[in-house]
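Below you'll find the structure, written out as structure tokens, and then a few comments.
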Amino acid sequence: MDAMQYSPLALAFIGDGVYEIRVREKLILEANMPADKLHKLTVEKVCAEYQAKAVRKWLDEGLLNEQEMDIFKRGRNAKGINAPKHSTVGEYRMATGLECLFGFLYLTGREERIGELFEAAWSVGSINE
């Protein structure tokens, strides 16, 4: 599959859904908690600040191969990215790169790789740590 046939923002749109489903699935399966606490944890794990922290871990540990790095960079540098008020532009661009990569991996049937990167992202802890 040629990733260049898809716009980075289209891949990010798909990847955002894939990532959020993974977060919700993990929280629901691992925790028995009230809905309000579940929602609060979900919001923390899907926010741009958390995703940026996860990407920094991937980059620091060299977890992305060359193709994945190219896809991530395409997402991070996509035109038309406007950060919401609660995020910095840098954090939002990193999060968009993560989502673009997840979208690409999903469309190419690399669920196992999504799982590996998701677990590495999950292990960064809280955004306040």
(Q) I'd like to check the side-chain hydrogen bond (donor to acceptor under 3.5 Å, both in side chains) partners of Glu111; sequence neighbours left out, ordered by chain and number. (A) Arg22
Which value, rounded to the nearest 0.5 Å, describes the distance between [X] atom [atom1] and [Y] atom [atom2]?
| X | Y | atom1 | atom2 | value |
| --- | --- | --- | --- | --- |
| Ile21 | Asp16 | CD1 | CG | 9.5 Å |
| Cys100 | Leu9 | SG | CG | 8.0 Å |
| Thr96 | Met94 | OG1 | CE | 11.0 Å |
| Leu101 | Met69 | CG | CE | 10.0 Å |
| Lys40 | Leu27 | NZ | CG | 13.0 Å |

Minimum heavy-atom separation for [X] to [Y], with atom names?
| X | Y | answer |
| --- | --- | --- |
| Gln51 | Val46 | NE2-O, 3.4 Å |
| Pro8 | Gly75 | CB-CA, 3.9 Å |
| Tyr6 | Arg74 | O-NH2, 3.0 Å |
| Val124 | Lys53 | O-NZ, 3.4 Å |

Is there a side-chain contact between [X] and [Y] (heavy atoms, below 4.5 Å)?
| X | Y | result |
| --- | --- | --- |
| Val18 | Leu105 | no |
| Trp122 | Val23 | yes |
| Gln5 | Leu107 | no |

Q.
Test of understanding: with ring pair (Phe, Tyr, Trp, His ring centres under 6.0 Å), list the residues that count as partners of Tyr106, not counting sequence neighbours.
A. none
Q) Listed by chain and number, what are the ring pair (Phe, Tyr, Trp, His ring centres under 6.0 Å) partners of Tyr19, not counting sequence neighbours? A) Phe102, Phe118
With sequence neighbours left out, what residues match [X] under side-chain contact (heavy atoms from CB on, under 4.5 Å)?
| X | answer |
| --- | --- |
| Asn65 | Gln67, Glu68 |
| Ile28 | Leu38 |
| Glu112 | Glu116 |

Q | Atom CD of Glu61 with >12 non-hydrogen neighbours under 6.0 angstrom | A | yes
Q. If Ile, Leu, Val, Met, Phe, Trp and Tyr residues are connected whenever their side-chain heavy atoms lie under 4.5 Å apart, and connections chain through other members, are Ile71 and Phe13 in the same group?
A. no
Q: Find out if a path of hydrophobic residues (ILVMFWY) with successive side-chain heavy-atom gaps under 4.5 Å connects Leu59 to Leu63.
A: yes
Q | Results of salt bridge (Lys or Arg N to Asp or Glu O under 4.0 Å) for Lys26 - residues two or more places apart only | A | Glu30, Glu119
**Q.** For Arg24, salt bridge (Lys or Arg N to Asp or Glu O under 4.0 Å) partners two or more places apart
**A.** Glu20
Q | Backbone N/O of Ala52 and side chain of Tyr92: donor-acceptor pair under 3.5 Å | A | no
Q: Please confirm whether the backbone N or O of Leu64 pairs with a side-chain atom of Trp58, one donor and one acceptor, at under 3.5 Å?
A: no
